[in-house]
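Report on the following structure.
Computed from a predicted model, the values in this text were never measured in an experiment. Per chain, numbering begins at 1; letters A, B, ... match sequence-line order. Values below: all heavy atoms of this structure, side chains included; hydrogens, waters and symmetry mates excluded.
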There are 2 protein chains.
Amino acid sequence: MPRQGLDKEAVIEYAAMLADEIGFSNITLKLLAERMNIKSPSLYKHIDGLDSLKKELMIYGYKLLEGMIIDKVMGKSGDDAVRALCNAYYELATNRSGVFQAMENYRRFVDEESKQATDGIFKVTSKIFSVYDLSPVQKAHLVRTFRGFLQGFLTLAANHLFTDSIDIKESFDLSVDVLIAGIAYLNK
Amino acid sequence: MPRQGLDKEAVIEYAAMLADEIGFSNITLKLLAERMNIKSPSLYKHIDGLDSLKKELMIYGYKLLEGMIIDKVMGKSGDDAVRALCNAYYELATNRSGVFQAMENYRRFVDEESKQATDGIFKVTSKIFSVYDLSPVQKAHLVRTFRGFLQGFLTLAANHLFTDSIDIKESFDLSVDVLIAGIAYLNK
DNA sequence: TATAATGGCTAATATGATTAGCTTTTAGAA
DNA sequence: TTCTAAAAGCTAATCATATTAGCCATTATA
């Protein structure tokens, strides 16, 4: 029986696809192994178990998002850059819903690796807010404001929890406008 | 062996306490049963299994929150009422973290009972925003803005995903101020 | 007081994570 | 090219937990 060229990265990629398809919380090693045409114990040659895999998926998500943000924000500044940042989140939540779920769902590990992954987003976001006339502390708060909104709104949307029939992208855009308008409050 | 006066409500209360203590996702029927001094199969006399219990816990959370909001908002209006609403969320997330976590777990349950539970919050929130001069559609969008922010910010905070050391309540208050300031943008 | 419902129990089953230990492939050195 | 060791897979076994089945004691009520 010949081998596939599997490694840790490949396992995470498969897991990410599986998460997008069936939902992050429904992932099992059994299912993942079936998808990969191997047996579940073989996964342990690449990863440290289900918990660890979920952590990896979270980190994968943060890195992916960081790239998408940089990509979209490139060449923009001010309010436009903020909107681009928000749209990057929107796209991730829409196109990679399982990976997006991993980013907020994983709460057991607060280690150095996870911290570095989120730090990337923090730095990029922070930089985008640098055009506004804010103190470093205000800027840090504002990063949290946006991150909280983006994570929460998009999670609620992804899970069909906005039960009325109003268009979600319109709500999203309006919300972003409200937030951007609110930034002026900090400049007093 | 005499019996305790256990029923469905009691099981949910115990489960809520356990969730607050060890985290929603760490709940097991085994642990819960131990806490209640019964064996895990006995739980099935009151609930339909772990998944169903988690749904009950989510509904419990929404009802609890609704009560807390009404309580805090009572007698307030305008921006003060909005702040009170936000603080009710904050308190729930802080003091009943396990229950709060249950509320973000609704994604697997989109049934009539769950819908009614969230509808309560929607109505209260909507009413609070009625003092602003907004169209019904704008109001509906704004409810989503706040709900998204509150759910997301507090989830990230509860999951320790805000890695820098800045005070979380300060970030929260500033965020709420930014949002409230942003509402003015809609009145043009 | 007799009886039915209730709430608890133990034993058994199912699923999935994880571990142990074996075998084959593969990479790299001699 | 051949040998060797690591790597990547496998099967079998173990463990933990959820869940089901069916039994028995308590409790409430007719």
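Heavy-atom distances to DNA chain D give each of B:Thr28 and A:Leu6 a nearest nucleotide, and the one nearer the 5′ end belongs to A:Leu6. In this structure, B:Asn37 and A:Leu31 both approach DNA chain C, and ranking their closest nucleotides by distance from the 5' end singles out B:Asn37.
Within the structure, a side-chain polar atom (N or O) of A:Ser42 is placed less than 4.0 Å from OP1 or OP2 of D:dC10. When the side-chain nitrogen and oxygen atoms of B:His46 are compared with OP1 and OP2 of C:dT6, none of them lie within a distance under 4.0 Å.
Considering only side-chain atoms of B:Tyr44, the nucleotide from D:dG9, D:dA18, C:dA11 that sits closest is D:dA18. The listed nucleotides are D:dT11, C:dT10, D:dT20; the one nearest the side chain of A:Lys39 is D:dT11. Checking D:dA18, C:dT18, D:dC10 against every side-chain atom of A:Leu29, the shortest atom distance belongs to C:dT18. Of the candidate nucleotides C:dG8, D:dC10, D:dA18, D:dA18 has the atom nearest to the side chain of B:Leu50. The side chain of B:Ile38 lies closest to C:dC9 when the candidates are C:dC9, C:dT18, D:dC10.
The interatomic distance linking A:Ile47 (CD1) with D:dA7 (P) rounds to 17 Å, in whole Å. For A:Leu32 and C:dT18, the CG to C1' distance is 15 Å, given to the nearest whole Å. If you take CG of A:Asp51 and C1' of C:dG16, they are 14 Å apart, rounded to a whole angstrom. The distance from atom NZ of A:Lys54 to atom C1' of C:dG16 is 12 Å, rounded to the nearest whole Å. Taking atom CG of residue B:Asp7 and atom P of nucleotide D:dT27, one finds them 15 Å apart after rounding to whole Å. In this structure, the CG atom of B:Leu43 is 11 Å from the C1' atom of C:dG8, given to the nearest Å. Atoms NZ (A:Lys45) and P (C:dT18) sit 15 Å apart, rounded to a whole Å. Going from atom NZ of A:Lys8 over to atom P of D:dA7 covers 15 Å, rounded to whole Å.
Proximity of B:Leu64 to B:Met68: side-chain heavy atoms (C-beta onward) are separated by under 4.5 Å at one or more points. Looking at heavy atoms from C-beta onward, A:Ile70 lies in side-chain contact with A:Val124 at the 4.5 angstrom threshold.
Applying the 3.5 Å distance criterion, the base of C:dG16 shares no donor-acceptor pair with the side chain of A:Lys30.
In this structure, A:Arg144 is positioned above the aromatic face of B:Phe162, its NZ or CZ under 6.0 Å from the six-membered ring centre and within 45° of the axis. A cation-pi arrangement is present between A:Lys54 and A:Phe24 under the rule of less than 6.0 angstrom and at most 45 degrees off the ring axis.
With hydrophobic clusters built from ILVMFWY side chains whose heavy atoms lie under 4.5 angstrom apart, A:Val11 shares a cluster with A:Tyr44.
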